[in-house]
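Take a look at the structure below.
Proteins come first, then strands; the chains are lettered A, B, ... in the order of their sequence lines, and each starts at number 1. In what follows, every heavy atom counts, from backbone to side chain, and hydrogens, waters and symmetry copies are set aside.
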Amino acid sequence: MFGLVDGNNFYVSCERVFQPRLEGRPVVVLSNNDGNVVSRSAEAKQLGIAMGAPYFEVRALLRRHQGHALSSNYALYGDMSRRVMARLADQVPAVEVYSIDEAFLDLHGLTTFCGTLDARAHRMRRDVLACTGIPTCVGMAPTKTLAKVANRLAKQYPELQGILRLDTESRRERALRALPVAEVWGIGRQYAQLLAAHGIRTAWELAGVSEAWARKHLGGVVGWRLVQELRGQPCQGLLPSEEGTLARQSIRCSRSFGQRLTAIEDLWGAVTTYLSRAAEKLRAQGDQAHILTVFLSQDRYDPRLPPPHTRSTTLTLPSGPTSHTLQLLAYARRLLEKLYEPGRVYVKAGVVLDGLEPPGRGQQLSLFAPAAEAAIPAAGRARQLMRTLDDLNRQFGRGTVRPAAAITTGRQPAPWQGQAHHRSQAYTTRFDDILLVF
DNA sequence: TCTGGGGTCCTAGGACCC
DNA sequence: TCTGGGGTCCTAGGACCC
């Protein structure tokens with residue numbers, strides 16, 4: 001049996017823990033650059049503010065109803081998430097941290113010694129709320145997909161008191177008949193449209209399609225697994241996370257710019273900044289990468305620009321895996337020069353690190369020692385340099401020591417830097433930001 | 001005037017290998 | 001007339017998730 005615990009309106013709930021004045025009011029949290037709405041309080045949902053809505057479209061509505069809009073504060077949400085996950089890990093045999101606000105639980109064998117599953121789930125919710133201030137809902141079912149269904153319905157129907165268990169045929173059928181197919185985990189906009197065209201409207205109807213049909217129309221084996229999971233046939237196991245963190249298979253850092261950019265040196269400043277951050281995450285995870293991607297995006301809302309709006313280029317590092325910022329930067333410069341076209345107007349850039357593995361496994365040496373390596377000090381000194389860099393930035397704040405290309409002269413912000421006008425404090429992760437109570 | 005960021009998995013064609 | 005089969009890796013792109 002799987003459990004799925006999900007924080008209600010997670011980002012908004014995190015903000016409310018430290019700003020009780022936000023209770024009972026419409027509150028939204030905005031994406032980077034204060035661009036889109038990414039989390040909404042129940043009151044904001046009631047105003048009809050959609051998930052992902054551009055902020056400029058809802059600003060006036062929010063103001064009319066004495067609402068609040070906050071810039072996203074990932075330092076706070078990440079730390080609150082860690083606390084929630086730690087409470088969960090204390091109460092079940094295994095936890096899979098699925099996202100910042102969601103975890104799958106292994107509920108196997110929990111009924112025998114500890115009362116009913118429902119009682120356990122209620123206790124878990126109370127504990128998380130008491131220890132972290134975050135309200136949650138719990139879904140329970142024999143497959144992950146059904147646990148998501150149960151969680152979804154538990155959120156939707158207050159009379160369920162935040163909990164739903166789908167472990168009998170009749171409960172499964174009732175739940176699936178009540179759920180629009182577009183709300184099934186794994187059915188996005190495209191598939192929802194296609195299913196509607198075939199007259200499939202509820203999760204129950206989707207659970208009834210044939211294997212051949214699912215494979216043909218829903219992305220091959222992925223679609224077939226989805227259907228089987230809806231039928232109660234598990235196709236995905238629990239992937240337990242250690243210490244409440246998930247080891248990633250790829251690491252990405254990308255940002256929309258504060259303004260449109262055309263000069264390659266401005267783009268290089270952005271790429272340098274993002275790659276430094278990605279490499280820092282890579283080292284924190286204890287891995288090296290051997291595949292590097294750089295991408296540049298143009299404005300996808302400009303009707304004069306035909307797709308593709310994003311162009312990327314990927315390199316398998318000829319010198320083998322590394323986590324060394326300067327070595328990665330040397331390759332990234334080449335990729336950027338390959339991608340860049342003078343005259344194009346760019347709105348966003350990003351980097352992706354793939355092929356992650358711990359150091360020391362089968363290092364590939366280059367036959368021709370590419371120029372990029374000439375700049376790299378011997379391996380031991382290189383590692384020490386990165387360790388020192390990470391220590392300094394941890395101690396004195398992110399970006400204290402960084403590659404020169406990521407620094408702009410003068411005091412004005414870098415041309416690629418975005419906006420965040422409504423950011424709350426890092427209450428739980430910075431001494432200077434600790435909440436004061438008078 | 002304004003439209004996010006970081007992940008996962010899968011597919012498909014081409015290069016290349018034996 | 002008639003041009004193999006089976007595998008891997010690379011690269012790019014598409015769909016989905018929160």
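- Classification of the W185(A)-Y98(A) ring pair by plane angle, with boundaries at 30° and 60°, yields perpendicular.
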Contact letters for nucleotides 12-18 of chain C, in which S counts primed atoms plus P, OP1 and OP2 and B counts the base, heavy atoms under 4.0 Å: S--SSSS
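- The only option from M140(A), R171(A), M1(A) that meets the side chain to side chain contact (heavy atoms under 4.5 Å, CB included) definition with L166(A) turns out to be R171(A).
- Between E183(A) and Q156(A), the shortest heavy-atom contact is OE1-OE1, 3.9 Å.
- Interatomic distance, D106(A) CG to F2(A) CZ, rounded to the nearest 0.5 Å: 7.5 Å.
- With rounding to the nearest 0.5 angstrom, the CG atom of D266(A) is 5.0 Å from the CG atom of L261(A).
- To the nearest 0.5 Å, atom CZ of residue R252(A) and atom CG of residue D354(A) are 9.0 Å apart.
- Ring planes of H217(A) and W213(A): tilted class, angle from 30 to 60°.
- Taking the ring axis of Y274(A) as reference, the NZ or CZ atom of R277(A) does not stay both within 45° of it and closer than 6.0 Å to the ring centre.
- A gap of 16 Å separates the P atoms of dG14(B) and dG4(C), to the nearest Å.
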B/S/- contact track for nucleotides 3-10 of chain B, protein heavy atom under 4.0 Å: BBSBSSSS
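- Counting only Watson-Crick or G-U wobble pairs whose defining distances are both under 3.5 Å, the stems of 3 or more consecutive pairs in DNA chain B are B:5-18 with C:5-18.
- Note that CZ of R152(A) is 10.5 Å distant from CG of L4(A), once rounded to the nearest 0.5 Å.
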Derivation of the side-chain hydrogen bond (donor to acceptor under 3.5 Å, both in side chains) call for S71(A) and D34(A): CA-CA 6 Å; S71(A) 303; D34(A) 292 341; 2.7 Å; yes
